[in-house]
Amino acid sequence: MVLSGSTGELPGAAVELLDAKSSELFSLSKAPAEPAPTPTELTGKPKMKAVVARGKDTSAASVLRIQPLGEENPRGAASVVVNSTDGDLAGLSAATCQTPSNELWLSGASTTVGRTAILAISNASQSVATVSLDLFGSTGPIQTAGGKGLVVAAGAVRSVVLSGLAPDQGMLSVHLKSSGGAVSAVIQESVLRGLTSGGVDYLAPVQAPSSTQTITGVRVQAPAAAAKISAQSGYSDATTVLAVTVPGVADSLVEVKAFGADGQVALPNGGVFTAAAGKVSELSLAGLPEGTYSLSLKAEVAVTATARVVNSTKAGEATDLAYAPSVGRLGDTHLVTLPQDVSSSLVFVAPEGTSTVSIVPISADGVLGTAKTIELAVGVTSTVNASDFLGSGAVSALISVSGAPTYGSQTLLKSGSAGISVLPIAGTTVGTQAVNITTGY
């Protein structure tokens, strides 16, 4: 989905194959010959619109490219959804488009027996990228020469099998640094329990190390049902857990608060635990009542965080997994797509104050509808079904937030199966972020 400028003109936009030729898969809109001037007076009539493409098949890695529109920054969003109903890779996996970066953190992968974790590094720039990986596992930092000096050609994807660099790790975090071209990256995680699929997902980047982190969209099954699943032979890791990585050299005392639909919910030991330096530590969330939660973390030393979510129908049948990454604070002009053939829910929380979330539905023909609002109470996780809340005609949405710091994510479920995926809500464009101005002499 691509959003127009304030005058209603659409920027040039297309989806291209990630190859050296930037081969076009399909066009969304053509750039105007000359952008219209920015209006100098307000008429009270909204002019913004969008262009949307849904259900397009892509056989390879692809890129959404949006051209600048006059003095305005382009705004758009895209997601890819893979739904497999049988075989070793049965499950629902999804990912959103990323803005390329020269530094990324990814967390939650597993390289134990039956687990496959493949780091896919995409270079959509016109410059060669040289990538180095720092790895943190369940037992501490992992030294490996194979993760240094990885060359990713312009317009190419390079895949790295993480078990070759860090085998037998129950939890693994990756710190990716690129010199040259900026890159995007995901970890393709899959689990096979004997002959039964244990789920698949794309692990999106998490927030950079910080003393505070927030995770939304942590869906927990009923404790009794979850216990039956994890009690099966080979299913000991089929549980919902919080994974915290301390990249520094000092241990970190971490305090975790869980917020549900009715407010804060108690965690074992008050949610306080020590995360060891240089490794990935886990906190089980299996004891939480059934529901969707947000997690707020405060740490003595900077950490990264993600939550592994496990979903199932019943014992003996296939399970699916998803990873909810830590997310940044929401502001204005966040765009989300609502993929077809799956149920999409939006999850929000304001851990320390009240806020208002405004969501504008966007139809398939690019019309922006009337904004719907959600009033968030302090420390309460609000979950809305996108179709019910915005109307069945909504295929995308524009999200803005005012008030206390607010965080959000998108949860996808596949009806009739265990399929689940959690997507972060993409950040604001550079042109709409706040700029701090200090006055004085």
Side-chain angles (χ1 to χ4, degrees), residues 18-20 60-61 95 98 100-192 200-210 237 243-252 275-282 301-306 308 323 325-326:
L18 184 55
D19 58 21
Q98 303 171 27
S101 174
N102 288 99
E103 184 173 17
L104 296 167
W105 289 83
L106 301 103
S107 184
S110 176
T111 60
T112 57
V113 176
R115 284 71 177 159
T116 302
I118 301 174
L119 173 66
I121 309 169
S122 301
N123 180 10
S125 75
Q126 297 181 351
S127 302
V128 174
T130 302
V131 173
S132 293
L133 308 176
D134 294 325
L135 305 177
F136 305 89
S138 303
T139 56
I142 299 168
Q143 305 297 328
T144 172
K148 306 300 180 183
L150 303 175
V151 176
V152 186
V157 179
R158 177 160 183 170
S159 296
V160 180
V161 180
L162 292 177
S163 60
L165 302 179
D168 201 29
Q169 298 295 320
M171 280 284 188
L172 182 68
S173 289
V174 179
H175 180 203
L176 182 156
K177 293 173 288 186
S178 171
S179 60
V183 300
S184 57
V186 295
I187 295 176
Q188 303 170 21
E189 179 79 17
S190 61
V191 176
L192 189 62
V200 295
D201 199 22
Y202 294 117
L203 279 64
V206 300
Q207 295 295 297
S210 173
D237 64 341
V244 175
T245 304
V246 183
V249 296
D251 294 349
S252 181
K279 64 181 291 186
V280 185
S281 301
E282 299 180 25
V301 178
V303 299
T304 69
T306 191
R308 183 185 66 208
Y323 291 81
S326 57

> Taking only residues at least two apart or on different chains, which pairs with a member in residues 156-190 satisfy ring-ring contact (aromatic ring centres under 6.0 Å, His included)?
Replying inline: Trp105-His175
> Nearest 0.5 Å, what's the CE-OG1 distance between Met171 and Thr139?
Replying inline: 14.0 Å
> What are the two closest non-hydrogen atoms of Asn123 and Ala129, and how far apart are they?
Replying inline: ND2-N, 3.6 Å
>> When you measure from the side chain of Asp201 to the backbone of Leu203, do you find a donor-acceptor pair of N or O atoms at a distance under 3.5 Å?
In response: no
> Nearest heavy-atom pair of Ala277 and Asp251: which atoms, and what distance?
Replying inline: N-OD1, 2.8 Å
> So which heavy atom on Ser190 is nearest to which on Val200, and how close?
Replying inline: CB-CG1, 3.6 Å
Without placing hydrogens or testing angles, list every side-chain donor-acceptor pair under 3.5 Å for residues 177-184, not counting sequence neighbours.
from, atom 1, to, atom 2, distance (Å)
Lys177, NZ, Asp134, OD2, 3.1
Ser178, OG, Gly181, O, 2.7
Ser179, OG, Thr130, O, 3.4

> Do side-chain atoms of Thr144 reach the backbone of Gly146 as a donor and acceptor pair under 3.5 angstrom?
Replying inline: yes
> Within the distance-only criterion (no hydrogens, no angle test), does the side chain of Ser326 pair as donor or acceptor with the backbone N or O of Gln207 below 3.5 angstrom?
Replying inline: yes
> Can Ser173 and Ser107 be counted as having a side-chain donor-acceptor contact under 3.5 angstrom?
Replying inline: yes
> Do any N or O atoms from the side chain of Lys279 and from the backbone of Ser138 form a donor-acceptor pair under 3.5 angstrom?
Replying inline: yes
>> Once side-chain hydrogen bond (donor to acceptor under 3.5 Å, both in side chains) is applied, do any residues pair with Ser132, and if so which ones, sequence neighbours excluded?
In response: none
Under 3.5 Å, sequence neighbours excluded: what are the donor-acceptor pairs made by side chains of residues 153-160?
from, atom 1, to, atom 2, distance (Å)
Arg158, NH1, Val151, O, 3.1

>> Is the shortest side-chain heavy-atom distance between Lys148 and Val131 below 4.5 Å?
In response: no
> Between Ala208 and Thr304, which heavy-atom pair has the shortest distance, and what is it?
Replying inline: C-CG2, 4.3 Å
> Do you know which two heavy atoms are closest between Leu176 and Ala185, and how far apart they sit?
Replying inline: CD1-CB, 4.1 Å
> Sequence neighbours excluded, which residues qualify as side-chain hydrogen bond (donor to acceptor under 3.5 Å, both in side chains) partners of Asn102?
Replying inline: none
> How many angstroms lie between CD in Glu282 and CG in Asp237, if you round to the nearest 0.5 Å?
Replying inline: 8.5 Å
>> Nearest 0.5 Å, please: how far is CD1 in Ile118 from OH in Tyr202?
In response: 10.0 Å
> What is the distance from atom CG of Leu106 to atom CD1 of Ile187, rounded to the nearest 0.5 Å?
Replying inline: 4.5 Å
>> I need the minimum non-hydrogen distance between Ala124 and Leu18, along with the two atoms involved.
In response: CA-CD1, 3.6 Å
> How many angstroms lie between CG in Leu165 and CG in Leu172, if you round to the nearest 0.5 Å?
Replying inline: 9.0 Å
>> Would Val280 and Val244 count as a side-chain contact (heavy atoms from CB on, under 4.5 Å) here? Give the steps.
In response: CA-CA 6 Å; Val280 185; Val244 175; over 6 Å; no
>> Run the side-chain hydrogen bond (donor to acceptor under 3.5 Å, both in side chains) test against Thr306 and tell me which residues pass, sequence neighbours left out.
In response: none
> Say you draw a straight line from CD1 of Ile121 to CG of Leu150; how long is it, rounded to the nearest 0.5 Å?
Replying inline: 6.0 Å
>> One pair to check against side-chain contact (heavy atoms from CB on, under 4.5 Å): Gln188 and Leu119. What are the steps and the verdict?
In response: CA-CA 6 Å; Gln188 303 170 21; Leu119 173 66; over 6 Å; no
> Any chance the side chains of Ser110 and Thr112 put a donor and an acceptor closer than 3.5 Å?
Replying inline: yes
